[in-house]
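Beneath this line is the structure, given in C-alpha cells, with notes to follow.
Just so we're clear, the structure is a prediction, and the values are computed from it rather than from any experiment. Residue numbers count from 1 along this sequence. Keep in mind that the numbers below use all heavy atoms, side chains included, and drop hydrogens, waters and symmetry copies.
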Amino acid sequence: MTIAQIFATQTPAGIAEHLGAGERATVGVEESLSVVLPLRSTGTRPPLFCVHPAAGISWVYASCLRYLPEDQPLYGLQARGLIQPDGLPRTMAEMVADYVRQIRVVQPSGPYRLLGWSFGGVAAHCIANQLQSEGETVDFLALLDAYPPRPSGCDPAEPSASETLRDLLDSLGYDPVDPAEHESMAAFVQRLKGAAGPLVDLSASQLRAVADVFATNVRLQREADLRPFDGDIQLLVAENGSAVGHVPEEWRPFVTGRIHSKPIPCRHGEMLGPAAMRLIGPYVADTLQHPEIWRTT
C-alpha cells in the first residue's frame, strides 16, 4: 500500500480488507500532499490542526492518532508548494493567511486548537495570532521543540544550497551526509528514490518540490515577525539535543500567559517517533480534554 492509500483507508480493518483483496492503489500521491490532510475527519470535539515542519509534509502527525480519543478530529496542514511549485509563499504572513482560510473551511469558528513541530511550531504561533486578531478564541497551542527566530544578526550565516539539502535529509531521518561532500539536487533525489522510506513513492519532481519548500520555510522562519500570543503555550522540549542553543524563555516576549514547559528525553528529530510519542501523545490528549488543569498550574 502507498502512504496515500493508508491515509484514505485510515482504519486497520479497512487496510486488512484492502490487502486481502489484493487491490491496487486508487489514491494518488498528490492527494496525500494536499494542503489540508484529514488524518481523522470524524468526531465531535474541536479539531486539532497540526502544522507541518520545514519539509512541508504532515504525515508524521499520524502518530498522534493512537493517543487521542476516537472522537477527536485531527488535520495536518501541508505546504502548498508540494503540489503547486508556483505556490511558494513569499512571507510567513502570506502562508499564515492561506492556512487560516483553509482552517476556517474545516472549522468556521473557534475555539481553535493548534500544534506544530519545529518550523510548524513557529507557524502555529503565527496562525494563533492571526485567528485572535480576527476575534477568534485559541484555547490550545502546543509547540514541539520549536523556538522563535533569533534577533537579526544572531543567527548563523544563511546556509548554502548543499547545506540546506543536508539539513533536509537530516530532518527526514536519513543517515548524516559527510559535510565535506557537496550534496547536489540530483544526488538528493537519487538517495530518496533508492532508499526504503515514506517518500519513495514521490516522483523526482515532487522530491525537488520538497527541497524547495524546505529552503523557503527555513528563510520564512528566519524572517518571521512574531507578535505576542494572548494565552498560555505548551512547549515540549527535546532534552537530548534540542534546537541548537535555544531555551524555553525565548518565547517570553511572544506569550502573554504561561509557558508550560515539559522535557522529553529525545532528540529534536525524534519528537514524533514511537518512544517520544509515548510521553507526548498522552500529554497532548490530557491537556486537550482537561484544559482547566494546566491553566491553573
Answer yes or no: does atom CZ of R252 have more than 12 heavy-atom neighbours from other residues, nucleotides or ligands under 6.0 Å? yes
Item to complete: Give a yes or no on whether Q190 atom CD has more than 12 heavy-atom contacts from other residues, nucleotides or ligands under 6.0 Å away.
Response: no
Does some side-chain heavy atom of [Y] sit less than 4.5 Å from a side-chain heavy atom of [X]?
X    : Y    : answer
I264 : L144 : no
R113 : D139 : yes
I127 : L131 : yes
V237 : P248 : yes
F214 : D167 : yes

Between the side chain of [X] and the main-chain N/O of [Y], is any donor-acceptor distance below 3.5 Å?
X    : Y    : result
Y112 : F49  : no
R208 : S203 : no
R40  : Q72  : yes
E250 : V247 : yes
Q130 : V100 : no
S118 : G120 : no
W59  : L199 : no

Side chain to side chain contact (heavy atoms under 4.5 Å, CB included) test vs Y99 passes for just one of Q78, R104, H52, E94, namely H52
Euclidean distance, [Y] [atom2] relative to [X] [atom1], rounded to 0.5 Å:
X    : Y    : atom1 : atom2 : answer
T216 : L88  : OG1   : CG    : 4.0 Å
M271 : D145 : CE    : CG    : 5.0 Å
L143 : L115 : CG    : CG    : 8.0 Å
T42  : D71  : OG1   : CG    : 8.5 Å

- Query: Would you call the rings of W117 and H268 parallel, tilted or perpendicular if under 30° counts as parallel and over 60° as perpendicular?
  - Reply: tilted
Check the pair V284, F140 against side chain to side chain contact (heavy atoms under 4.5 Å, CB included), reporting the backbone distance first and the verdict last.
CA-CA 10 Å; V284 169; F140 181 82; 4.1 Å; yes
ask   = When you look at V200 and L192, which way does the side chain to side chain contact (heavy atoms under 4.5 Å, CB included) test go after all the steps?
value = CA-CA 6 Å; V200 71; L192 268 65; over 6 Å; no
query: Without hydrogens or angle criteria, can the side chains of Q102 and Y75 be said to hold a donor-acceptor pair below 3.5 Å?
result: no
Tell me, with the steps shown, if E270 and N240 meet side chain to side chain contact (heavy atoms under 4.5 Å, CB included). CA-CA 10 Å; E270 298 169 340; N240 305 334; 5.7 Å; no
Only residue of H260, Q234, K262 satisfying side chain to side chain donor-acceptor pair (under 3.5 Å) with Y283 is Q234
message: Please evaluate residues R45 and Q289 with respect to the criterion side chain to side chain contact (heavy atoms under 4.5 Å, CB included), reporting the C-alpha separation (whole Å), side-chain torsions for both, the decisive distance (0.1 Å), and the verdict.
response: CA-CA 9 Å; R45 300 171 186 268; Q289 293 185 75; 3.5 Å; yes
